[in-house]
Structures are given as structure tokens and as C-alpha cells.
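Encoded as C-alpha cells, the structure appears first; notes follow it.
Keep in mind the model is a prediction, meaning the values are calculated, not measured.
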Number of protein chains: 2
Amino acid sequence: MDRPVTEDASAGGPRHPPRGRRPSTTRRQIARAALELFAAHGYEETTVEQVAAAAGISRRTIFRYFPTKADLVWGEFDDELERLADQLAAAPADEPIFDVVRRAVVATNHFGAGALDELRIRITLITTVPALVAHSALRYGAWLDVVARFAARRLDADPEDLRARTVAHVALGAATAAYEHWAASGGDDPAPELDRAMALVAGGFDADDASVRS
Amino acid sequence: MDRPVTEDASAGGPRHPPRGRRPSTTRRQIARAALELFAAHGYEETTVEQVAAAAGISRRTIFRYFPTKADLVWGEFDDELERLADQLAAAPADEPIFDVVRRAVVATNHFGAGALDELRIRITLITTVPALVAHSALRYGAWLDVVARFAARRLDADPEDLRARTVAHVALGAATAAYEHWAASGGDDPAPELDRAMALVAGGFDADDASVRS
DNA sequence: TCCATTCTGGCATCCAGTGTTATAAATTGG
DNA sequence: CCAATTTATAACACTGGATGCCAGAATGGA
């Protein structure tokens with residue numbers, strides 16, 4: 001009802017009232033409308049035109065808020081990336097690299113019961129719809145960079161160092177497996193699955209390790 | 001010069017002469033024409049129409065040989081998948097899971113000097129062009145299934161088992177990191193990079209392990 | 001020759017994504 | 001209150017990948 005005034009809840013600078021015409025909607029509102037349609041009728045079956053209609057704006061405006069149709073599903077992924085980077089940077093210097101990544105990934109993936117339903121819809125779409133599986137590789141690129149940069153710092157190496165990139169790619173692989181598994185089997189919080197997958201890696205897939213058998 | 005007669009060099013059944021009109025070209029020829037154009041002018045800058053013209057066929061026919069533009073870059077990836085599956089199946093039953101995967105991946109990625117140039121073009125495109133990075137997630141899906149099925153057999157578990165899927169995703173991560181690194185830094189055979197990346201994982205990223213420091 | 005089969009080309013269509021332009025809604029300054 | 005400026009939106013046109021459909025070309029067989 002009240003106009004969305006760009007919902008800037010962050011600690012901002014001096015509050016100049018915004019200059020021109022106010023946005024008629026928010027990213028959040030558009031994404032929510034899209035997700036409902038995708039969940040109800042399927043991603044491929046829903047056109048951007050229909051999302052626009054549901055959100056009460058024009059097709060062209062959708063693409064000003066989101067660069068691609070696939071990005072409608074990803075919500076505020078960039079924010080999560082920042083939290084991950086902070087977690088990594090704050091880790092004690094003597095903690096082993098992969099342990100830090102493991103802790104950080106798990107820590108940034110705790111969700112309240114309220115957000116779980118929406119999260120499951122998102123992850124199910126991302127891990128099952130081919131167009132979204134494909135797109136995820138692009139979003140994960142930034143994730144890889146964050147983790148690889150951290151690993152490179154710890155190894156005193158270049159961000160393109162094979163070891164640093166491998167740490168990142170492997171961590172992403174474990175996280176992807178965990179999320180895929182969580183979305184398919186109706187668990188509760190995805191954090192335990194994440195921790196278990198990362199533990200397997202940290203143990204080097206040693207078949208004698210109890211963590212593998214648990 | 002001579003007509004391409006569907007180049008079926010495999011050990012076939014009884015040789016009925018093919019029935020209807022013969023194909024005017026081959027997948028190989030089309031892919032080669034496409035790769036040249038992509039390398040020369042860029043992937044996004046080249047339209048399927050131009051590939052068709054270079055291959056001497058119509059745009060529509062391109063999409064009968066290849067389901068998407070991106071698949072033009074992937075060549076005979078399916079064949080490689082079969083070889084990987086065979087390698088995995090032939091491994092001794094007492095060899096640790098990840099060691100088997102490591103050996104199989106390395107073994108299926110030896111290339112003669114003649115094929116290296118084309119491989120590097122392919123991998124460079126796949127790891128740098130956003131549309132191809134995205135598409136790769138779809139092709140790797142089949143790769144994941146092959147490795148996960150192997151791991152599941154070894155673990156006497158379901159193919160969707162978290163451990164099996166994690167093994168597959170993590171192996172793919174390591175392989176991706178290796179290939180990415182190989183394409184960027186002009187090495188020779190990608191196999192050593194693959195082996196090194198997989199060794200890091202097998203060692204659990206233990207910083208005291210010599211394999212990590214080498 | 002007539003027929004069945006296989007491949008190709010051309011056309012129409014859908015949809016995601018982009019550039020452009022006009023217009024609406026808001027603030028600032030007179 | 002009016003004009004200038006700024007920002008957001010809508011409407012339109014256009015590109016290019018992908019798909020369905022159908023007519024026609026090219027082959028072997030009866």
C-alpha cells in the first residue's frame with residue numbers, strides 16, 4: 001500500500017530525499033511474484049511477460065531490476081557472498097584452510113524455519129531446471145573467486161594458483177552436492193548436510209574415517 | 001570430395017546400404033568450421049547463421065546436428081564419458097574410491113601433441129565465455145552421474161547418496177580447476193595438472209603434506 | 001516407374017535480451 | 001505555483017537462439 005521508497009535499511013549517509021520519480025516496486029516484490037509463478041507453473045512455462053503482469057510492471061522494467069530471467073530465482077545472493085568473505089577474513093590465522101572454509105560455509109547457511117520453504121523452492125529450481133543449472137555456474141563464479149582469494153592469501157600465492165583454485169572448486173563441489181541432496185530429501189536445515197559433505201573432503205574420503213560412515 | 005557417408009567406423013552389424021538421402025556433411029566438419037570462427041572472431045560475435053554458411057548448410061540443419069550453439073564446442077564429449085565409465089568399472093575392487101577416480105580421470109585425459117591446439121581452444125572458450133561456462137554445467141551433469149554411480153556401487157549405496165554425490169562433485173571441482181589452470185597457463189599435457197589437483201583432494205588439503213607444497 | 005525413406009531448406013513462430021525514445025512522477029530552485 | 005532537472009517507467013523495434021512444420025531433394029528398393 002505505502003510506496004516502496006527503495007527500502008534502504010542499511011546504515012546510510014546523510015538522508016537526502018531521493019531525487020526523481022520513485023521506483024514503483026522493489027526487487028523483493030518482483031522476485032517473490034516470479035518465484036510463486038515458477039513454483040506453480042514451472043520455470044520454462046512461465047514467460048517474463050507473465051512475471052511482469054503479476055508484478056504490475058512492464059516486461060522491460062523486469063530487465064532493469066534483474067539482468068536475466070534466471071536471476072529472478074537467486075534473490076540477494078550477493079549479500080550472502082559478502083557475509084562469506086567476512087567470515088573467511090575473520091578466521092584465526094592458524095586454522096587450516098579447509099577447516100576455515102568449512103566453518104564459514106556452514107555459518108553462512110543457517111536459516112530460520114520461516115525462510116526454509118522459500119529456500120527449498122529456490123534450490124529445487126536451481127538444481128533441477130536445466131536453464132537454471134546452467135546459470136548457476138555463472139553465479140558460482142563469484143563465489144569461487146571469494147574462496148580462492150582467501151586460500152591464496154593463506155598460501156601466500158597468486159589468486160590463480162592451482163592449489164587456491166582447487167580449494168575453491170572442491171569446496172563448491174561439496175556445497176553443491178549437499179544442497180542438491182538437501183533439496184531432494186526433505187530435510188530441515190541444510191547446514192548439517194553441508195558440514196557432512198565438507199567433512200568428507202577434509203578427511204580425504206578416507207573409507208576408514210568414521211565421518212564417512214556416519 | 002567424397003561424400004561423408006555418415007563415417008561409421010565402429011564395428012557395426014550387417015552392412016545394409018543406407019536407405020534415404022545421404023547426409024551432406026558430418027558433425028565433425030560442422031564443429032570444425034564453428035571452432036575456427038569462434039577462435040577467430042569470438043563465440044558471441046559469431047551467429048549460427050555464419051557457422052551454417054561456413055559449413056555450407058542451412059541454419060536449420062545445424063540444429064539437427066547439434067541441439068544448441070554451445071554444443072558445437074563440445075565435440076564428442078559423450079565418447080569420452082564412456083571411456084571414463086569403462087575405466088572406473090575396470091578398477092580393482094580394493095583400490096580406494098578417490099584413487100580410482102583420480103587414475104581414471106587422468107587416464108582419460110591424455111592427448112597427443114596434434115590434438116592439443118584444438119583442445120586448448122575448446123577449454124579456453126568453455127572456461128572464459130559466460131554462455132559456455134553456463135552450458136558446461138549441463139554437460140558435466142552426465143559426468144557427475146557416471147562418477148556418482150561408480151562411487152555408489154563401491155559404497156553399496158544409492159546413486160543419490162550424499163557421499164557418492166560428494167565424491168563426484170568434488171572430483172569434478174578438482175578437474176575443473178585443473179583444466180581452467182591449464183588453459184590459462186600455456187602448459188603442455190593437461191594430465192599432470194589434473195593429477196596434482198586430485199592429489200590435493202586425496203590428501204585432504206593437509207598443509208603439511210608435501211604434495212600440497214610441491 | 002512408383003514408392004518409401006532420409007535428409008535438407010525455407011518459413012513462421014516463440015521468447016529472452018537490448019537499445020531507443022517519449023512520458024510520468026518526483027525534487028530543487030526561483 | 002511554475003520551470004528545470006532528475007529518475008523511473010512504458011512502449012516499440014530489433015537481434016538471435018531455438019522449435020515446429022512442410023515441401024522438396026536425393027537415395028534405395030519393388
Could you check how far [atom1] of [X] sits from [atom2] of [N], rounded to whole Å?
X        : N      : atom1 : atom2 : value
A:Leu132 : C:dA16 : CG    : P     : 12 Å
B:Phe63  : C:dC14 : CZ    : C1'   : 14 Å
B:Ile30  : C:dT8  : CD1   : C1'   : 11 Å
A:Phe66  : D:dT9  : CZ    : C1'   : 16 Å
B:Arg22  : D:dA26 : CZ    : C1'   : 8 Å
A:Ile62  : D:dA11 : CD1   : C1'   : 15 Å

- Message: Please pick, from C:dA16, C:dC7, D:dT9, the nucleotide with the shortest atom-to-atom distance to any side-chain atom of A:Thr25.
- Response: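 My answer, after comparing the listed nucleotides, is D:dT9.
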
- Query: What nucleotide, of D:dG17, C:dG17, C:dC7, holds the atom closest to the side chain of B:Lys69?
  - Reply: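 Per side-chain heavy atoms of B:Lys69, the pick is D:dG17.
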
Presence of [X] side-chain N/O under 4.0 Å of [N] phosphate oxygens OP1/OP2:
X       : N      : value
B:Tyr65 : C:dC7  : no
B:Ser24 : C:dC7  : no
A:Thr61 : D:dA10 : yes

Distance in Å, [X] [atom1] paired with [Y] [atom2], rounded so as to fall on 0.5 Å steps:
X        : Y        : atom1 : atom2 : result
A:Tyr43  : A:Thr124 : OH    : OG1   : 15.5 Å
A:Asp145 : A:Tyr140 : CG    : OH    : 14.5 Å
B:Glu82  : B:Thr108 : CD    : OG1   : 12.5 Å
A:Ile123 : A:His181 : CD1   : NE2   : 14.5 Å

- Message: For a quick check under 3.5 Å, do B:Thr46 and B:Gln50 share a side-chain donor-acceptor pair by atom type?
- Response: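 Absent: no donor and acceptor within the cut-off.
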
- Message: Which label fits B:Phe98 and A:Phe205: parallel for a plane angle under 30°, tilted from 30 to 60°, or perpendicular past 60°?
- Response: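 The rings of B:Phe98 and A:Phe205 lie parallel, inter-plane angle below 30°.
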
- Query: Contacts to DNA chain C from residues 40-58 of chain A, heavy-atom cutoff under 4.0 Å, which residues?
  - Reply: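 A:Thr46, A:Thr47, A:Val48, in order of number.
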
- Start with the C-alpha distance between B:Tyr65 and B:Thr26, add both sets of side-chain angles, then the distance that settles side-chain contact (heavy atoms from CB on, under 4.5 Å), and finish with yes or no. CA-CA 8 Å; B:Tyr65 281 78; B:Thr26 63; 5.6 Å; no

- Toward the 5' end of DNA chain D, by each residue's nearest nucleotide, B:Gly20 or A:Arg19: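 Final value for this comparison: A:Arg19.
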
- Task: Count the heavy atoms belonging to other residues, nucleotides or ligands that lie under 6.0 Å from NE2 of B:His41, then report whether that count exceeds 12.
- Result: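 Open.
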
- Evaluate whether atom CG of A:Asp156 has more than 12 neighbouring non-hydrogen atoms of other residues, nucleotides or ligands under 6.0 angstrom away.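 No, because the 6.0 Å sphere around CG of A:Asp156 holds 12 heavy atoms or fewer from other groups.
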
Enumerate the protein-to-nucleotides 11-13 of chain C contacts in which both atoms are nitrogen or oxygen and the separation is below 3.5 Å.
none

- Query: side chain to side chain contact (heavy atoms under 4.5 Å, CB included) with A:His135: which of A:Val129, A:Ile126, A:Val73, A:Thr68?
  - Reply: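 The residue from A:Val129, A:Ile126, A:Val73, A:Thr68 that satisfies side chain to side chain contact (heavy atoms under 4.5 Å, CB included) with A:His135 turns out to be A:Thr68.
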
- B:Val147 and B:Val105: CA distance, side-chain angles, deciding distance, side-chain contact (heavy atoms from CB on, under 4.5 Å) verdict: CA-CA 10 Å; B:Val147 177; B:Val105 169; 5.8 Å; no

N/O to N/O distances under 3.5 Å, protein versus nucleotides 23-25 of chain D:
| unit_1 | atom_1 | unit_2 | atom_2 | d |
| --- | --- | --- | --- | --- |
| D:dA25 | N3 | B:Arg21 | NH1 | 3.4 |

- Message: Check for me whether the distance between the ring centres of B:Trp74 and B:Phe38 falls short of 6.0 Å.
- Response: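 For B:Trp74 and B:Phe38, the ring centres are not under 6.0 Å apart.
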
